[in-house]
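Reading through the C-alpha cells given below for one structure.
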Amino acid sequence: MKTVLVIGGGVTGLKASSELAEMGYNVTLVEKEDYLGGQVAKHKYYKLAPDLRLAGEVIDPVIKAVENNSNIKVYKHSHVAAVSGNAPEFKAKIKNSKGESEENFGAIVVATGFEHFDPTVKQEYGYGRFKDVVTNAEVEEMLNPGGPTNGELKRPSDGETPKKIAIFQCVGSRDRQVGNPYCCRVGCVVSTKQAIEIKEKYPDSEVYVYYMDMRMFGRGWEELYGKAMEEYEIIFTRGRGAEVTLKNQQLSLRAEETIMDRPIQHSVDMIILAAGMAAGEGTIEAANVLGIKQNDYGFLEPKDDFVSPNESSKPGIFIAGADKGPMDIENCIVEGAAVAAKVASSLKN
Amino acid sequence: MAENTDKMVIDGVELTGIWKEFLPSRILYEDVTTEFLDEVKKLPGGSTIVRCYQCGTCSGGCTLPDFVDKFNPRRFIDLVRRGHYDILVNENKDLVWKCVSCQRCTHRCPRGVNTQEVVRAIAKFLEDRKVFGKLTNDEAFDEIFMEEVIEDGRIDEVKIVKDFYSKTGRLKEMMSSDQIALGFKMLTSGRIKLFGGKIKDWKKVSQRLKEELQ
Ligand SMILES: Cc1cc2nc3c(=O)[nH]c(=O)nc-3n(C[C@H](O)[C@H](O)[C@H](O)COP(=O)(O)OP(=O)(O)OC[C@H]3O[C@@H](n4cnc5c(N)ncnc54)[C@H](O)[C@@H]3O)c2cc1C
Ligand code: SF4
Ligand code: SF4
Ligand code: SF4
C-alpha cells in the first residue's frame, strides 16, 4: 500500500488524513506549527457560525481521529523542504529541528490554508496606530474563555469593556488597492456571529456594522442575519467604512449612509475590522517546492475548477481547502473528504 | 377601467379611493438611459466610472460635505449611471464643480475608480450641455485664461483684463477713472506692458492643442 503525504494540519488536512487512513492508506501529515487545527486553533475560535456551536465540538473529534489512528504519522513543527519524482513515485525531504528524513509517497495532498489579511496597510482605518482598532481574529481570541482576556471583550487601551462597537466589513477584500479583488466569503457571517455573541454577553452594548452587501449564502446564514436584527438590535448601515480618527481620546468613524445619501460621523469605543483571507506564506512556499500553479492572488489553482477541483496543475499532487481561496469550515470538511476520495481513486490505477 | 374610475358616492360620501389624487407621486417618471454613462465614460478622466460599486468610501471621507451640503461624489456617479439627468441638473449642477481635488477619494477607492477625475468629467459633461447658465467671475476668468494660453501661448495682462471685463459685461467699469489711474500706475512702474511679445511658431502648437481638446 502506498503512503500519502498531507501538507497542512488544519481542518482540511486533518479530514483528508483521517479519511485516507480509514480507507487503509498510510498517511504522513506534516504541519509547520506545533499544534493541529490550523487557524481555528491558532486564533482560538470559540463559537462557530452559523449555529454558535463550540468550535471544539467540531475540531476536537477531527484532531482525535488523526491522533488515534495508527496509520497516520504526524510531524509537527516540520516542513517539506524538497520533492522529487513524478506520480506515483515521489520522494520528499521532511525537515524539523531534530533533523531531516526522506520518504517515498504515492501522492501528495496540499492543505496549507490561508492567513488573515493584515490591515496595517489600510492606513485610514488606523490599525496599529489606534489600540482599540482590532481585527475579527483578535476578537475570536478574546471571546474564548481560554483566551488572553478569559472570554471578556476588552479594550486593549485600558482593559475596559467597550459599550459602543463598530464593525467594518470587507477589510482587505473586494479591494483592488491591496490587490485582493475577491470576496472573503466568511467575513459577513463571522461579523454577524461576533455581534450576536457580544450582545448576548453585554446586553447594554451597541453594535454597528458598516457593510456594502451582507453576503449570507451559506446554510443558516441569512437566518442568523435576520436574528441579529430582530432579536439583538444590531444596526446594519449600508456604506463601507471610510476612515477612523481620534477625537479627544475617543475613536471616531466616518462612512456614508448610502441609503440616506449623506456621510455620518460618530464616536465608538472599539472598532473591529472584518479582515479577510489572503494566501499564506505556507501556501506560497508549498507551491514553490512542489512547482504547482497559483492564481493571481497566490491561492492554488485547480487543474479545472469545474471538472477537477481537487487536482493541482501536476499529476499526483492534490489540493483542498482554504489554500484554493476563501472557504468556510463546513466546505473545508467536504473538501478534505473529496480530496481523499480523489487520491484513493488515482492510486488504484 | 371605467368601473375603477367611476366615483361611488353614497349619502354624499365618496368611497372609491380617489383621495390618492391629492398626494404627489413619489414614483420617478423619468426615462432611464445609459446614454449619459456612455458619454461621461468617453470624456477625459471619465473612463473609470464603470468600475464604481457604490460603496460610499469616497463620499464618507470626502473633504467637502463639512462645508458644502449634499456634495456627494458617489451620488453623482449613481445619477449619471442611471440616467437621472433631471435630478443631476436640478439638484447637483451647482455642486459638482466645487470639488477641491484633494484626491482622498481616489486614494481610497477600493475599486480603482479615479473618483476626482470622474467628478470633473461629470462637471464637464454638464458644462458641455450648457446647464450652468451665466458664468461666475471665477469661471469667466478661468475660461479667458485658458483661451489665451491656447491662442497665444502666453498671458498678456492688458488683453486679459480687457477680455475679462468684456466677458462679464462690465466694460464701463473698466473705463472708470480709478481703474484707468491704476492701469497707468502699473504701466509706468513696469508691472504691465502695452504690447506683450509673441511666441514664435505658436500657431502650430495652438492648432494641435485645439485638436487635442476637442
Ligand atoms: C476571523 C475568522 C473567523 C472564522 N470563523 C468561522 C466560523 O465561525 N465558521 C466557519 O465555518 N468558518 C470560519 N472561518 C473560516 C475558517 O477559518 C476556515 O474555513 C478554515 O480555517 C480553513 O481550514 P484549512 O485547513 O483549509 O486551513 P487552515 O486553517 O489555514 O490550516 C492550514 C494549516 O496548514 C499549515 N501550513 C501552512 N503552510 C504549511 C507548510 N508549507 N507546511 C506545513 N504546514 C503548513 C498551517 O500552519 C495550518 O495549520 C473563519 C475565518 C476567519 C478569518
Ligand atoms: S464575505 Fe462579506 S465581509 Fe467578506 S469580502 Fe465578502 S462581502 Fe465583504
Ligand atoms: S469609493 Fe469608488 S467604488 Fe466606492 S462609491 Fe466612491 S467611486 Fe464608487
Ligand atoms: S477630490 Fe473632490 S470628490 Fe474627491 S474627496 Fe476631494 S473634494 Fe471630495
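In the text below, chain A, chain B and the rest are named by the order of the sequence lines, each starting its count at 1. Values below: all heavy atoms of this structure, side chains included; hydrogens, waters and symmetry mates excluded.
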Can you tell me how far the CG atom of Asp78(B) sits from the OG1 atom of Thr258(A), to the nearest 0.5 Å? 9.5 Å

Candidates Arg108(B), His107(B), Arg104(B) - the one meeting side-chain contact (heavy atoms from CB on, under 4.5 Å) with Glu124(A): Arg108(B)

Looking at Ala242(A) and Gly60(B), what are the two nearest heavy atoms and their distance? CB-C, 3.6 Å

Output side-chain donor-acceptor pairs under 3.5 Å for residues 93-100 of chain B, partner residues at least two apart or in another chain, one line each.
residue, atom, partner, partner atom, Å
Trp97(B), NE1, Asp94(B), O, 3.4

Applying a strict 4.5 Å limit to non-hydrogen atoms, the region of Cys62(B) in contact with chain A is backbone

Largest heavy-atom contact set with chain B, pairs under 4.5 Å, which of Lys122(A), Arg238(A), Arg262(A): Arg238(A)

Is the CD atom of Glu212(B) crowded by more than 12 outside heavy atoms at less than 6.0 Å? no

Answer key: most heavy-atom pairs under 4.5 Å with chain A among Arg74(B), Lys70(B), Arg75(B) is Arg74(B)

With a cut-off of 6.0 Å (strictly less than), are more than 12 heavy atoms of other residues, nucleotides or ligands near CZ of Phe145(B)? no

For Lys210(B), I'd like to know if atom NZ has over 12 heavy atoms of other residues, nucleotides or ligands within 6.0 Å. yes

Closest heavy-atom contact between Asn72(B) and Asp261(A)? ND2-O, 3.3 Å

Would one find more than 12 heavy atoms of other residues, nucleotides or ligands at under 6.0 Å from atom CZ of Arg51(B)? yes

Nearest 0.5 Å please: distance from the CD atom of Gln177(A) over to the OG1 atom of Thr57(B). 9.5 Å

Count the heavy atoms belonging to other residues, nucleotides or ligands that lie under 6.0 Å from CD of Glu223(A), then report whether that count exceeds 12. yes

SG-CZ distance between Cys109(B) and Arg176(A), expressed to the nearest 0.5 angstrom: 8.5 Å

So for atom CE, which belongs to Met146(B), do other residues, nucleotides or ligands contribute more than 12 heavy atoms lying within a distance under 6.0 Å? no

Nearest-0.5 Å distance that lies between atom CZ in Arg240(A) and atom SG in Cys55(B): 5.5 Å

Is the backbone N or O of Arg174(A) less than 3.5 Å from a side-chain atom of Tyr53(B), with the two atoms forming a donor-acceptor pair by type? yes

Answer yes or no: does atom CD of Gln179(B) have more than 12 heavy-atom neighbours from other residues, nucleotides or ligands under 6.0 Å? yes

